[in-house]
Amino acid sequence: MLQAKPYLQRAKFLNDSDIDFDEYPYNIEAVRQLEQLDFHPDVTFLVGENGAGKSTVLEAIALALGFNAEGGTKHARHVTVDATATLYQNLNLVKSYKTPREGFSLRAESFYNLATYLDEIGASYEYYGGSLHGQSHGESFMALFEHKFHGKGLYLLDEPEAALSPNRLFTMLRHIHALVQDDSQFIIATHSPILLAYPNAKIYLFDSSGITETRYEETEHFGLTKDFLNYYPERVRRLLAD
């Protein structure tokens with residue numbers, strides 16, 4: 001029997017001779033060295049320091065798939081600031097034979113703009129259980145998972161932990177697992193060691209040496225968090241010392 005997933009199998013960078021590698025985003029080392037990313041059928045994580053390029057690459061994938069730069073479904077067409085990078089024009093996406101039933105791109109930094117758009121067109125009340133601006137930031141994030149993500153979908157999430165408490169992150173992890181079991185695929189850029197703990201996920205590290213696949217226990221997110229929690233009095237004392 002043919003495997004329905006991954007809906008998105010890989011992203012290949014087309015090295016156009018006209019690309020100026022001194023210009024953004026090609027001057028980011030991970031982007032400069034991008035050749036191909038193979039995605040896990042269930043969950044793929046993109047991790048790295050701020051500015052390492054993970055969100056830039058995720059945005060390019062979303063745009064190449066036809067999503068709005070500020071997030072939403074492929075039907076969302078709101079534009080607040082036109083600041084998209086051209087990387088998506090140089091990506092070749094390899095997909096499976098089967099099309100996902102639904103898709104969604106969530107970007108933490110532009111979620112306010114998306115929520116405003118959804119409220120204005122009335123979609124918040126029809127699909128999300130009420131005005132997204134009438135809820136807290138975290139509640140509106142969770143409303144997406146509870147009311148909009150129905151399974152058999154392809155979901156791109158950029159730093160979804162931004163609005164969520166640790167307890168809510170545990171809830172999100174359960175939602176992700178339920179959707180994966182219902183034939184869904186996730187590609188997530190994150191800093192959260194809680195989300196990164198999802199079993200058997202593929203993790204790509206973006207740093208100054210490029211993009212490499214790594215294990216959860218080898219990520220800085222895991223190591224620093226574990227060290228801090230185990231020795232927090234001493235770590236805080238050193239951090240705050242003159």
With R215, which residues qualify under salt bridge (charged side-chain N to carboxylate O under 4.0 Å, His left out), at least two apart? E217, E218

Quickly, which of E159, E161, K54 forms a side chain to side chain donor-acceptor pair (under 3.5 Å) with T190? Name it, please. E161

Any L87 side-chain heavy atom under 4.5 Å of Y26 side chain: yes

I'd like to check F39 versus I61 (side-chain heavy atoms, cut-off strictly below 4.5 Å). Are they in contact? yes

Is it true that the side chains of S209 and D207 contain a donor and an acceptor less than 3.5 Å apart? yes

Flag yes if L224 and L46 sit in one hydrophobic cluster, no otherwise; membership is Ile, Leu, Val, Met, Phe, Trp, Tyr, and two members link when side-chain heavy atoms are under 4.5 Å apart. no

Above 12 or not: heavy atoms from other molecules or residues under 6.0 Å from CD of Q9? yes

Evaluate the criterion side-chain contact (heavy atoms from CB on, under 4.5 Å) for residue pair F222 and L196; output intermediate values, then yes/no. CA-CA 8 Å; F222 174 84; L196 283 171; over 6 Å; no

Roughly how far apart are T44 OG1 and I188 CD1, rounded to 0.5 Å? 9.0 Å

Is the backbone of H150 close enough, under 3.5 Å, to the side chain of R101 for a donor and an acceptor to pair up by distance? yes

Tell me whether F21 shares a hydrophobic cluster with Y24, the cluster being built from Ile, Leu, Val, Met, Phe, Trp, Tyr side chains joined at under 4.5 Å. yes

I'd like to know whether V236 forms a side-chain contact (heavy atoms from CB on, under 4.5 Å) with F228, so could you lay out the CA-CA distance, the side-chain angles of the two residues, the decisive distance to 0.1 Å, and finally the verdict. CA-CA 8 Å; V236 171; F228 182 81; 3.7 Å; yes

Should Y231 and L239 be counted in the same cluster of Ile, Leu, Val, Met, Phe, Trp and Tyr side chains packed under 4.5 Å apart? no

More than 12 non-hydrogen atoms from neighbouring residues, nucleotides or ligands closer than 6.0 Å to CZ on R174, yes or no? no

Is there a side-chain contact between K98 and D183, using heavy atoms and a 4.5 Å cut-off? yes

Partner residues of Q181 under the side-chain hydrogen bond (donor to acceptor under 3.5 Å, both in side chains) criterion, sequence neighbours left out: H177

Looking at K202, I want to see if its NZ is surrounded by more than 12 non-hydrogen atoms of other residues, nucleotides or ligands under 6.0 Å. yes

Do side-chain atoms of Q36 reach the backbone of R10 as a donor and acceptor pair under 3.5 angstrom? no

Which atoms form the tightest heavy-atom contact between T171 and M142, and what is the distance? CG2-CE, 3.7 Å

Tell me whether V94 shares a hydrophobic cluster with Y88, the cluster being built from Ile, Leu, Val, Met, Phe, Trp, Tyr side chains joined at under 4.5 Å. no

Report the distance from atom CZ of F186 to atom OH of Y155, rounding to the nearest 0.5 Å. 6.0 Å

Keeping the roles fixed (side chain from D227, backbone from G223), state whether a donor-acceptor pair exists under 3.5 Å. no

Checking side-chain contact (heavy atoms from CB on, under 4.5 Å) for the pair L205/T219: CA distance, chi angles, key distance, verdict? CA-CA 8 Å; L205 171 64; T219 64; over 6 Å; no

Taking all non-hydrogen atoms of both residues into account, name the closest pair between P6 and S96 and its distance. O-CB, 3.1 Å

Nearest 0.5 angstrom please: F13 CZ to N92 CG, how far? 12.0 Å

Taking atom types as modelled and ignoring hydrogens, do the side chains of H40 and N200 form a donor-acceptor contact shorter than 3.5 angstrom? no

Has the side chain of T86 got a donor or acceptor atom that lies under 3.5 Å from a matching backbone atom of Q89? no

Does Y198 form a side chain to side chain donor-acceptor pair (under 3.5 Å) with D42? I'd like the steps, not just the answer. CA-CA 10 Å; Y198 188 81; D42 298 335; 5.4 Å; no

How many angstroms lie between CG in L8 and CG in L156, if you round to the nearest 0.5 Å? 8.0 Å

Looking only at heavy atoms, the pair that brings G151 and L179 closest together is N-CD2, 3.4 Å

Considering all heavy atoms, the nearest H175-E146 contact: NE2-CG, 3.7 Å

So, for A30 and A52, which heavy atoms are closest and what is the spacing to 0.1 Å? CB-O, 3.4 Å

Any donor-acceptor N/O pair, Y204 side chain to D38 backbone, under 3.5 Å: yes

Side-chain touch L195/L169, heavy atoms, less than 4.5 angstrom: yes

Using 0.5 Å steps for rounding, measure from the OH atom of Y7 to the NZ atom of K95. 13.5 Å

Rounded to the nearest 0.5 angstrom, the CG-CZ distance for L154 and F67 is 5.5 Å

Take L91 and V57 through the side-chain contact (heavy atoms from CB on, under 4.5 Å) test and state the conclusion after the steps. CA-CA 10 Å; L91 287 183; V57 169; 5.7 Å; no

Minimum-distance pair of heavy atoms, taken over all atoms of I176 and F145: CG1-CE2, 4.0 Å

